[in-house]
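See below for the structure under consideration.
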Amino acid sequence: METIEVEHYTREEKDEMIHNNMEYVLFSWLKQKGINPLNIDYAKGVYLYDYDGKRHIDFSSGLMNVNIGHGNQRVTEAVMRQMQKVSYITPSCMTKVRGDLGKKLAEICPGKLNKAFFTLCGSTTIENAIKVARLHTGRHKILGRYQSYHGSTYGVMSAGGDPRKLSADSQQAPNFVHFDIPTAYRWPYGEEALLKEAVLHLERVIAFEGPENIAGILLEGESGSSGCLKYPVGYLKKVREICDKHGILLIIDEVMSGFGRTGKWFGFQHHDIVPDMIGMAKGLTSGYIPFGCLMVTEEIAAKYDDVVLPLGLTYSAHPVACAAALEVLQIYEDENLIENAVKMGKYVELKVSEMQKKHPSIGEFRNTGLLGCIELVKNRETKEPMAPFNARPAEMAVMNQVAAKIKELGMYTFVRWNYIFVAPPLCVTTDEIDEGLDIISQAIAIADQYVN
Ligand code: PMP
């Protein structure tokens with residue numbers, strides 16, 4: 001392992017760093033005053049180090065994107081090599097890295113998903129997926145799940161069902177329709193009835209909206225930031241059938257669940273389906289460089305053989321991002337990271353089930369591989385959440401204490417409503433999982449006191 005030159009900062013330097021951040025920069029999804037965001041100087045493997053040299057174990061891989069772990073010098077070198085050759089060229093030009101990456105992704109993706117349109121991030125990927133679906137079908141409506149997240153730009157925020165969008169901007173883009181997918185945890189009538197209800201509900205929504213108006217159904221490969229909500233068993237297969245019946249395109253958003261996070265290349269591969277489009281970002285470059293990709297079928301791409309493809313971004317197919325992605329994809333294979341995600345996912349399941357005996361506030365742990373979250377409840381019988389979905393600040397009092405304890409004990413992870421995410425980098429070891437879960441266990445002890 002390479003050694004990192006650790007810098008030592010004076011008190012004045014640290015104060016200046018904090019001052020400049022708080023004075024001149026806006027922080028996403030936070031109120032701007034009275035906050036104390038983690039400061040990070042450098043990172044290695046599953047650990048982040050702050051300006052005081054304190055170590056924080058990263059249990060959400062940044063925002064579930066740093067799948068290969070932090071500080072991998074192979075990516076740094078690949079990026080430097082590409083930058084020395086050509087750091088930018090317009091998207092209408094060819095480069096070796098662009099072609100090689102397209103070929104590699106076509107090999108990874110199933111079926112006829114062989115054409116890559118490179119984007120900048122998750123949001124720009126899904127925006128383009130929506131556009132392609134509308135162009136391809138000549139229809140205008142997009143159906144999405146209530147409890148889902150597809151990005152924060154105007155169109156994708158409207159497509160997602162994340163409640164923050166309503167408080168932030170109630171003027172939604174038109175022609176997005178939402179449907180519900182009930183989940184097993186709060187469904188009292190058994191799995192078979194759950195699947196039936198979910199499918200009937202979707203069919204009713206389609207009938208009301210008019211199938212001839214619906215361009216695409218947009219779903220996460222595996223649910224992520226809405227709480228790793230499991231699909232009813234067999235649900236995505238039924239959705240695939242419904243799409244085929246009505247000529248609706250199935251767009252699967254693998255921005256979070258892609259690239260080994262769930263123990264397979266893509267989350268949808270747990271459900272035995274092949275979508276018409278796959279949205280990728282995050283794990284594609286493991287967050288080393290912002291990047292995204294929309295993979296479409298040959299049939300969809302063929303429409304533009306003789307017609308101009310009306311998609312474009314100045315930084316599409318950025319050569320440096322392509323070089324980073326190619327190296328990251330190779331690292332997944334060389335370091336057997338996807339296999340490790342399967343093993344470590346099982347280890348986490350085992351360990352959390354032991355924790356559950358000790359902590360009455362743990363309602364459920366839901367995961368697929370290393371995309372997981374612990375849901376805290378006030379009461380296991382009623383399943384009343386420790387903080388409600390889309391909680392107001394006053395309702396977050398207990399969860400805020402839990403989050404503060406997690407931070408104090410040296411962990412960074414994503415805590416949202418009553419969910420604590422367990423999604424470390426795929427290179428994580430059992431010792432590191434033990435260390436992280438021990439911190440979470442100490443923090444959850446606070447929530448236990450509020451169980452009634
Ligand atoms: N889709 C999914 C499933 C996501 O989880 C996210 C980000 N969390 C996005 C899209 C948006 O990605 P970005 O923040 O890179 O725009």
Side-chain angles (χ1 to χ4, degrees), residues 28-31 35 38 58-61 63-64 145-149 160-168 180-188 194 220 222-231 256-257 348-349 351-368 370-409 411-424 436-452:
S28 32
W29 307 120
L30 291 174
K31 65 178 175 126
I35 53 169
L38 199 63
D58 181 357
F59 239 44
S60 57
S61 313
L63 279 175
M64 289 71 140
R145 183 184 192 175
Y146 272 114
Q147 289 174 290
S148 68
Y149 184 80
D162 195 291
R164 278 176 305 194
K165 70 181 184 176
L166 296 173
S167 52
D180 183 31
I181 308 176
T183 54
Y185 183 49
R186 289 189 170 81
W187 176 263
L194 174 68
E220 289 163 84
E222 284 287 346
S223 153
S225 47
S226 300
C228 306
L229 305 166
K230 292 270 186 180
Y231 291 113
M256 188 175 283
S257 52
V348 174
E349 284 165 27
K351 286 283 159 176
V352 178
S353 68
E354 285 167 13
M355 277 165 69
Q356 219 155 355
K357 292 180 198 138
K358 191 163 102 191
H359 293 292
S361 64
I362 299 182
E364 190 181 43
F365 175 64
R366 292 181 291 272
N367 75 310
T368 313
L370 288 177
L371 182 56
C373 82
I374 297 173
E375 167 158 1
L376 298 189
V377 292
K378 286 187 185 159
N379 183 305
R380 274 194 189 153
E381 293 292 304
T382 63
K383 297 176 182 167
E384 186 190 348
M386 194 55 75
F389 181 62
N390 201 20
R392 289 185 294 269
E395 294 166 317
M396 283 299 288
V398 178
M399 287 309 296
N400 284 343
Q401 285 183 59
V402 172
K405 191 74 185 168
I406 284 175
K407 188 177 171 192
E408 178 199 317
L409 294 173
M411 169 177 284
Y412 173 78
T413 195
F414 191 51
V415 178
R416 199 173 182 217
W417 304 316
N418 60 330
Y419 305 140
I420 302 170
F421 280 77
V422 180
L437 289 180
D438 183 51
I439 291 176
I440 292 179
S441 179
Q442 291 183 57
I444 288 179
I446 297 172
D448 289 340
Q449 297 165 28
Y450 296 87
V451 168
N452 55 43

Who pairs with Tyr412 by side chain to side chain donor-acceptor pair (under 3.5 Å), at least two apart in sequence or on another chain?
none
Assess whether atom CZ of Arg186 is packed by more than 12 heavy atoms of other residues, nucleotides or ligands within 6.0 Å.
yes
Could you tell me whether the side chain of Ser361 reaches within less than 4.5 Å of the side chain of Tyr450, counting heavy atoms only?
no
Of Ser226, Cys373, Pro385, the one forming a side chain to side chain contact (heavy atoms under 4.5 Å, CB included) with Tyr419 is Cys373
State, yes or no, whether a side-chain contact exists between Gln147 and Ser223 at a heavy-atom distance under 4.5 Å.
no
In terms of heavy-atom contacts, Gly363 and Tyr185 come closest through CA-OH, 3.2 Å
Just so I know, are the side chains of Met256 and Leu63 near enough to count as touching, which here means a heavy-atom distance under 4.5 Å?
no
Start with the C-alpha distance between Val415 and Val402, add both sets of side-chain angles, then the distance that settles side chain to side chain contact (heavy atoms under 4.5 Å, CB included), and finish with yes or no.
CA-CA 9 Å; Val415 178; Val402 172; 5.7 Å; no
Between Asn379 (side chain only) and Glu384 (backbone N and O only), is there a donor and an acceptor less than 3.5 Å apart?
no
Between Pro393 and Asn400, the two heavy atoms sitting closest are O-ND2, 4.5 Å
For Phe421, does its backbone N or O pair with a side-chain atom of Thr413 as donor and acceptor, under 3.5 Å?
yes
Would you give the length of the straight line joining atom NZ of Lys383 to atom CD of Glu375, rounded to the nearest 0.5 angstrom?
9.5 Å
Can you measure from CD1 (Ile362) to CD (Gln356) and round to the nearest 0.5 angstrom?
5.5 Å
Any chance you could measure Leu371, atom CG, to Ser60, atom OG, to the nearest 0.5 Å?
11.0 Å
Among Thr183, Asn367, Thr368, which one satisfies side chain to side chain donor-acceptor pair (under 3.5 Å) with Lys230?
Thr368
Arg145 side chain near Leu229 side chain, heavy-atom distance below 4.5 Å
yes
Going by heavy atoms in the side chains, are Leu376 and Val398 under 4.5 Å from each other?
no
Met399 versus Ala387, closest heavy-atom pair with distance:
CG-CB, 3.8 Å
Here the gap from Trp417 atom CH2 to Glu395 atom CD, rounded to the nearest 0.5 Å, amounts to 12.5 Å
Within the structure provided, determine whether Phe59 and Ile406 are in side-chain contact (heavy-atom separation under 4.5 Å).
no
For Ser441 versus Lys358, what's the shortest heavy-atom pair and its separation?
OG-NZ, 3.5 Å
Tell me, do Val422 and Ile440 make a side-chain contact under 4.5 Å, heavy atoms counted?
yes
Nearest 0.5 angstrom please: Met355 CE to Phe365 CZ, how far?
9.0 Å
For the residue pair Glu220 and Ser225, what are the closest heavy atoms and their distance?
OE1-N, 4.3 Å
Minimum heavy-atom distance Ser148-Gly160, with the two atoms named
OG-CA, 3.7 Å
Between CD of Gln401 and CD of Glu408, what distance do you get to the nearest 0.5 Å?
11.5 Å
